[in-house]
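Reading through the structure tokens given below for one structure.
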Amino acid sequence: KAWLNVQLIEDKERREAYASLLGQVSVECKPTLVLQTALKELQQGIQALLGIAASVKEGSASRAEEENAGGLRIRLCPEANTQGERSQREDGFELQYMQAANGNEAIYLIGGSDKGIMYGVFHLLRMVASGKRAAELNTKESPANELRMINQWDNADGTIERGYAGRSIFYGNGRIASDLGRIRDYARLLASIGLNAISINNVNVHELETRFITEEQLPEVARLADLFRAYGIALFLSVNFAAPLQLGERNTADPLDAGVQSWWKDTAARIYSHIPDFGGFVVKADSEHRPGPFTYGRDHADGANMLAEALADYSGLVIWRCFVYDCMQDWRDRKTDRARAAYDHFKPLDGRFRSNVLLQIKNGPMDFQVREPVSPLIGALKETNQMVEFQITQEYTGQQRHLCYLVPQWKQVLDFDSYAQGEGSQVKRIADGSLYGTAHSGIAAVSNIGDEESWTGHILAQANFYGYGRLVWNPELTAEQIALEWAAATFGYNPTVTTVIIGMLMKSWAIYEAYTAPLGVGWMVAPNHHYGPDVDGYEYSRWGTYHFADRDGIGVDRTQASGTGYTSQYSEPNASLYENAATCPDELLLFFHHVPYTHILQSGKTVIQHIYDTHFGGADEAERLREQWAELEGQIDEASFVHVAERLAEQAEHAKHWRDVINTYFFRKSGIPDADGRVIY
Ligand code: GCW
């Protein structure tokens with residue numbers, strides 16, 4: 001049940017006060033599919049929280065009744081969709097507490113649409129569970145972002161690319177699951193935090209998933225779309241750009257070929273005949289050996305627009321990923337810089353994409369490292385719909401065996417000022433579409449769930465999923481607030497427990513960073529599976545991910561003055577800030593500069609001493625996490641306690657391994673001893 005693990009309110013007085021208020025629900029709007037979901041959730045929630053069965057009455061009250069009637073009254077806001085503010089307003093809701101002259105208490109839940117009502121129901125239940133009194137419930141909410149999306153990297157064979165929580169809940173043995181129970185639970189979790197879109201298969205589309213858009217498979221996909229529809233979630237598919245060729249129906253996948261264009265049009269018609277509200281396509285093209293328009297001498301705009309044209313009549317969207325770079329680089333080549341790639345590929349195409357295309361840009365220029373600068377492409381596209389891509393699954397951040405609460409990292413990205421239109425051009429204003437007034441925008445993230453009981457492999461990693469949804473709904477929430485909401489909803493409203501958990505979550509990103517790759521340089525992980533330290537694992541490889549450590553220094557020179565020129569992709573003053581080693585923030589120094597180990601950081605320490613200190617400190621802190629958790633024994637359920645304790649023990653040991661590998665490597669390279677004389681091997 002994760003954060004929907006609603007418990008009976010223990011305080012009898014509060015429970016009774018709420019029972020008289022929520023025991024009677026009157027619904028004054030059309031019973032749509034999503035509204036039915038909302039009412040079901042409401043009734044279940046009330047049952048669990050208050051131990052009563054709420055009576056639901058449909059139809060509007062007469063004026064006389066109206067004035068004195070109490071209870072929960074649900075209705076639609078008549079103006080919501082006439083105000084022209086895109087779908088965010090429709091997804092919004094208002095809660096109003098009122099006391100009638102006769103003393104009756106009422107709460108009005110007014111939704112911008114049936115979806116707004118559903119989000120309002122989840123919000124109301126969360127507030128009641130958290131101990132709020134009825135009079136404190138007044139609120140008006142609407143999501144900041146239009147598209148609030150989850151990307152599954154699930155494969156039809158049941159595996160999950162970069163999945164760390166078991167196998168897929170969607171597929172097994174090449175088929176879509178016949179038992180949809182777990183998927184329905186997942187849809188509830190998504191809806192409860194306001195998410196409204198999901199792509200259900202890996203962006204690396206293999207042979208089996210290429211067939212999802214065929215007549216044979218579409219009825220199966222439609223079953224999933226039906227399920228998600230009831231929770232207000234639009235279903236998207238990742239598609240294989242070469243599908244017409246691979247399915248043997250055309251002899252090319254050239255986007256400018258008339259036969260290919262008509263193939264995709266027919267395909268779109270077929271998809272929409274099964275799924276009338278199909279969301280659209282997610283596309284990884286010309287990236288890591290996936291097919292794309294380059295084969296035919298065409299560019300990304302040609303490719304994306306061809307698909308967009310096919311979907312346009314149905315208001316479908318094409319979400320085209322910008323994760324495009326040369327993964328066959330020669331490590332001897334010092335000019336090619338992977339960090340530059342997304343910008344170099346897509347910036348020149350700005351303005352050429354159809355209005356139903358969105359470019360999806362990873363938060364950093366490389367690949368979801370523990371620390372990266374914000375991608376300079378975000379904001380640089382001024383006439384193109386864009387969305388930001390985060391990774392909830394912890395590929396490079398401990399694979400759900402280490403604790404790493406990512407909400408603070410995402411917040412830092414969303415709050416980053418790109419200066420693309422001068423001061424005040426924060427990433428969150430690009431994601432929400434307000435900076436450029438784009439037709440579509442939003443945020444997507446790669447899911448971290450699988451079929452394990454805990455959903456996420458590490459119970460505390462559920463906080464990342466929850467936090468992602470809440471943050472995308474409202475980027476102004478703080479990481480602490482989100483952590484508190486999550487911990488309380490999951491483990492109950494016990495301040496001793498929540499305080500410890502929030503403390504652990506809030507420190508965890510910094511701790512993980514401390515004992516892994518230093519000062520923004522990234523990688524240093526074992527190739528392929530990416531778990532554990534291997535400093536030179538990618539140093540002489542084709543992936544373009546280098547640190548260039550030698551006996552004198554370390555880091556990648558990405559300056560305009562003497563390096564790859566990457567800093568020029570940023571707007572001023574960011575470009576100069578990063579260009580100059582003296583002003584470049586310490587945590588990104590080695591991303592932008594190659595410096596001697598004796599270089600003095602803004603912190604006053606040398607680079608080498610910083611490496612030693614953070615690695616000793618980080619491993620100690622990981623040990624502290626384990627001790628803090630141990631304090632909770634007996635205060636949370638035994639199974640969860642043990643589950644987390646085991647993982648924290650592994651993390652503490654593994655952090656020591658990281659510490660010793662990294663420290664030893666740099667001691668051997670530099671010959672410079674630790675100022676504090678600690679053990680280095
Ligand atoms: O992070 C990298 C992963 C790949 C992934 C790729 C992508 C789905 O290592 O496994 O492929 O990014 O984002 O396309």
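For the numbers below, each heavy atom of this structure counts, side chains included, while hydrogens, waters and symmetry mates do not. Both counts, for ligands and for their atoms, begin at 1 and track the order of listing. Index from 1, following the sequence.
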Presence of salt bridge, [Y] and [X], under 4.0 angstrom:
X	Y	result
Arg352	Asp299	yes
Asp326	Arg338	no
Asp330	Arg332	yes

Which heavy atom of the protein is the closest neighbour of [atom], given with residue, atom name and distance?
atom	answer
atom 4 (C) of ligand 1	Glu161 OE2, 3.4 Å
atom 8 (C) of ligand 1	Asn204 ND2, 3.3 Å
atom 9 (O) of ligand 1	Glu395 OE2, 2.6 Å

Face-on cation placement of Arg371 at Phe591 ring, 6.0 Å and 45° thresholds: no
Cation over ring face, Arg182 and Trp455, 6.0 Å, 45°: yes
For ligand 1, which atoms sit closer than 4.0 Å to a heavy atom of [X]?
X	value
Val203	8 (C), 14 (O)
Asp367	1 (O), 2 (C), 12 (O)
Phe323	6 (C), 7 (C), 12 (O), 13 (O), 14 (O)
Asn202	8 (C)

Contact summary for Asp154 and Ser168, nearest pair of heavy atoms: OD2-OG, 2.7 Å
Minimum non-hydrogen distance to atom 12 (O) of ligand 1, winning option of Lys284, Arg162, Lys362, His529: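 The option holding the nearest heavy atom is Lys362.
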